[in-house]
Amino acid sequence: MKRTWWKEAVIYQIYPRSFMDSNGDGIGDLKGITSRLDYLKQLGIDVIWLSPVYQSPNDDNGYDISDYQAIMKEFGTMEDFDEMLEEAHKRGIRIVMDLVVNHTSDEHRWFVESRKSKDNPYRDYYIWRDGKEDGSAPNNWGSCFGGSAWQYDDATDMYYLHLFTKKQADLNWDNPKVRQEVFDMMTWWCEKGIDGFRMDVISMISKTPEMPDGEVHDLYGDYNPYCVNGPNVHKYLQEMNEKVLSKYDIMTVGETPGVTTELAKQYAGEDTHELNMVFQFEHVEGNGKYGKWTDERVPLTNLKKILSRWQNELYGKAWNSLFWDNHDQPRAVSRFGDDRPQYREASAKMLATCLHMMQGSPYIYQGEELGMTNYPFQSPADFRDVESINAYKEWVEDGVVSHEVFWPCLLTKSRDNARTPVQWDDTENAGFTTGTPWIAVNPNYKEINAKAEMEDSDSVFHYYRKLIALRKENPIMVYGKYELLLEESEELYVYTRTLEEEKLLVVCSFTDKETEFTIPEEFAGCECMISNTGNAYEGGTVTLKPYEAFVLHKK
Ligand code: GLC
Ligand code: CA
C-alpha cells in the first residue's frame, strides 16, 4: 500500500456560516476562520475542508453557487480568502475547497443564459426536456429535498432537471464545454494554491440518457439507478484527473452517495487515476420510515457489519473517509453516543477512539471535538435548513403523517442539528457573534464550550488532540490491517489492527451499562495507548464502565 500524506492526515470540516463571526452580523465568515486557526493548530489537524464560500443566493447555504470565482459577500472578500489561505499555510494547515459541480444556482450566469431560449449557446449546459403529452413532468423522479426533480420553465415551455432544490439546476456533464469550464475553474483555484477538493455529490454527475421512470418508494420515483454512478462518471473523473488533478499535489475526496465497496475501488483505487478517497454514507444511512426520516437507532451489530465490510474490502485497494457526522448529519454524540450529561463526555471520547483507530482518513466536523450535541428544537419555525422545512411541509402539512409521529424523526435527523454555531465560550451567543446569530445557539453552551475544554486537560477536546497526535507517531493507525472481534455483541465494538509485528486492540463500549470484557491473551501486559477512564488493563477480565474505550498496543 502506498504511503501518502492524505492517508495520514486528519481533516477538520468547517461550515463557515456557523464557525465564527468576525463582524457582528450573526453570520460566520472568513476573517472569523482566520482568527481561529491557532485553535485548530492546537488541536493538531492537518487539513481544513471548507464548505462552500463562493457567491451564492443561499437557497441551500452555499451549495447553490452563482459564481465559482467569487466569495460570498456575507463571508468576506477574495482578499480575506487569500489571507486565510496564507495564514493556514503558515501553520502547516492545508485547505481543501468544496467543489459543487453537479449543479449550479439558477442565478449562475450560465443558467440565466440557458433558460432564455432553446438556441442560446448555454442551453446545453443544463438538462432540458419536454413535458409529457399532458404537460406533466418528463418523468416521475423526486428531488432529494422534496417535490418533483423537474421544474417547468415558461420561457421555452420545457422542464429542467434539479436533483436538489429548484434553485440548484443540474449541469449537463455530457457537454464537453461544461467539463472544460469546470476544469478551467478548478485549475484557477489550484493555481491560487489551494490544497484539494471535496467534490459534492460527484457520483451523481452522469445521468442515464433515456431517463426512465424510477420505482416509487416514498412519494416520488427514485432517480438513483439512473443518476447515481451513471454510465460516464468514471470517464469524466479520469478526464478531470488527467487535465487538472494529476498536475498538483492535492487531496481529492468524492462525496459519493450510493457507492458500493466494489465501485469505491474504481473511484478511489490505488491506481485508477480518479480520486484519492470516497466519502460514503452506508453507516449513516439506515432505512428511514419516511425517506431518510426516522428516530430509530441502527443496532450496533449492523453498524459493525457495515463499517467492517468497508474496512476489509478496501484494504490495500482503495481509500475511505472516516466520519460519524458532518453538516448534513445529526451530531455524532447524540446519534451514536449518549448526550445525557453523565455520559456525554465518555461517549464522545469513545466514538472518537472507535473512528480514529480504523483505516481511512478521519474527519472531524466542527464542534465534534467539543462533544457538541443535537439542538432541542421546539417548533417547526426553529428550522433554517431547506431540507427540513420541505420535509415538514411534504410529510406533515400535506397530511401524510401526523406532527406527533414525524416530529421525533425531524428532531433526530435534521441537518440543522449540526449547523448551530460553534460554542467558543460561555459569554453571550457562545462567543460566536456579538450580533444575532442566523440560527440559534445551543442552550448548553455554558457547560459545553471550547474555552472551558481547553482549560480542562481531561476534556473531549484534549482527548481528540491526543488521538491526532498518536496518529502522527503510529503508522499502524493509518496502515494496519483491520480485524473485527465479537461480531455478535450488541454492546462492544472490538477490533484489532496489525502492521507487521505490531498490533492494536481497540475496545469500545456502546452501552450505558457496565460490561465484562476479557482481554485476549496476546495483549496481556501491553501498553495502554489511550483510554477514556483511569482503568488498568493488565489482562484477564475487566469490568468496563458505560461507554468505556481503550486501546492496547503490542509492539
Ligand atoms: C451534498 C451536500 C449537501 C447539499 C447537497 C446538494 O450532499 O453535502 O449539504 O445540500 O449536496 O449540493
Ligand atoms: Ca460575519
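All ligand and atom numbering here is 1-based and tracks the order in the structure. Numbers here simply count residues along the sequence, with the first being 1.
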field: Residue pair Thr294 / Lys413, side-chain heavy-atom distance below 4.5 Å
entry: yes
query: For Tyr363, which of Trp6, Phe323, Phe279 qualifies under ring-ring contact (aromatic ring centres under 6.0 Å, His included)?
result: Phe279
query: Among protein heavy atoms, which lies nearest atom 8 (O) of ligand 1, and at what distance?
result: Asp328 OD2, 2.5 Å
task: May I ask whether Met204 has any heavy atom positioned less than 4.0 angstrom from an atom of ligand 1?
output: no
field: atom 12 (O) of ligand 1 [closest protein heavy-atom partner, distance rounded to 0.1 Å]
entry: Asp200 OD2, 2.7 Å
- prompt: Under the criterion ring-ring contact (aromatic ring centres under 6.0 Å, His included), which of Tyr68, Phe81, Tyr248 is the partner of Trp189?
  reply: Phe81
query: Is a salt bridge present between Arg419 and Asp328, judged by a nitrogen-to-oxygen distance below 4.0 Å?
result: yes
message: Closer than 4.0 angstrom, basic N to acidic O: yes or no for Asp82 and Lys192?
response: yes
- request: Just jot down the ligand 1 atoms closer than 4.0 angstrom to any heavy atom of Phe145, in number order.
  value: 10 (O)
query: Please state which protein non-hydrogen atom is closest to atom 4 (C) of ligand 1 and give its distance, to 0.1 Å?
result: Asp60 OD2, 3.3 Å
Contact atoms of ligand 1, heavy-atom distance to His103 under 4.0 Å: 6 (C), 12 (O)
- line: Among non-hydrogen protein atoms, atom 7 (O) of ligand 1 lies closest to Glu255 OE2, 2.9 Å
message: Are Val422 and Arg36 packed together at the side-chain level, in the sense that at least one heavy-atom pair is separated by less than 4.5 angstrom?
response: no
Residue-ligand contact Arg415/ligand 1, heavy atom below 4.0 Å: yes
message: I'd like to know if Lys207 pairs up with Asp170 as an ion pair, taking the criterion as any Lys NZ or Arg NE/NH1/NH2 lying under 4.0 Å from an Asp or Glu carboxylate oxygen.
response: yes
field: the Ca ion (ligand 2): protein N, O or S atoms that are less than 3.0 Å away, sorted by chain
entry: Asp21 OD1, Asn23 OD1, Asp25 OD1, Ile27 O, Asp29 OD2
- line: With heavy atoms and a 4.0 Å threshold, my read on which part of Glu387 contacts ligand 1 is neither
Non-hydrogen side-chain atoms of Phe406 and Tyr392 separated by less than 4.5 Å: yes
- prompt: Regarding Lys7 and the six-membered ring of Trp319, is the cationic atom NZ or CZ under 6.0 Å from the ring centre and inside 45° of its axis?
  reply: yes
- prompt: Between Tyr464 and Glu368, does any side-chain donor sit less than 3.5 Å from a side-chain acceptor?
  reply: yes
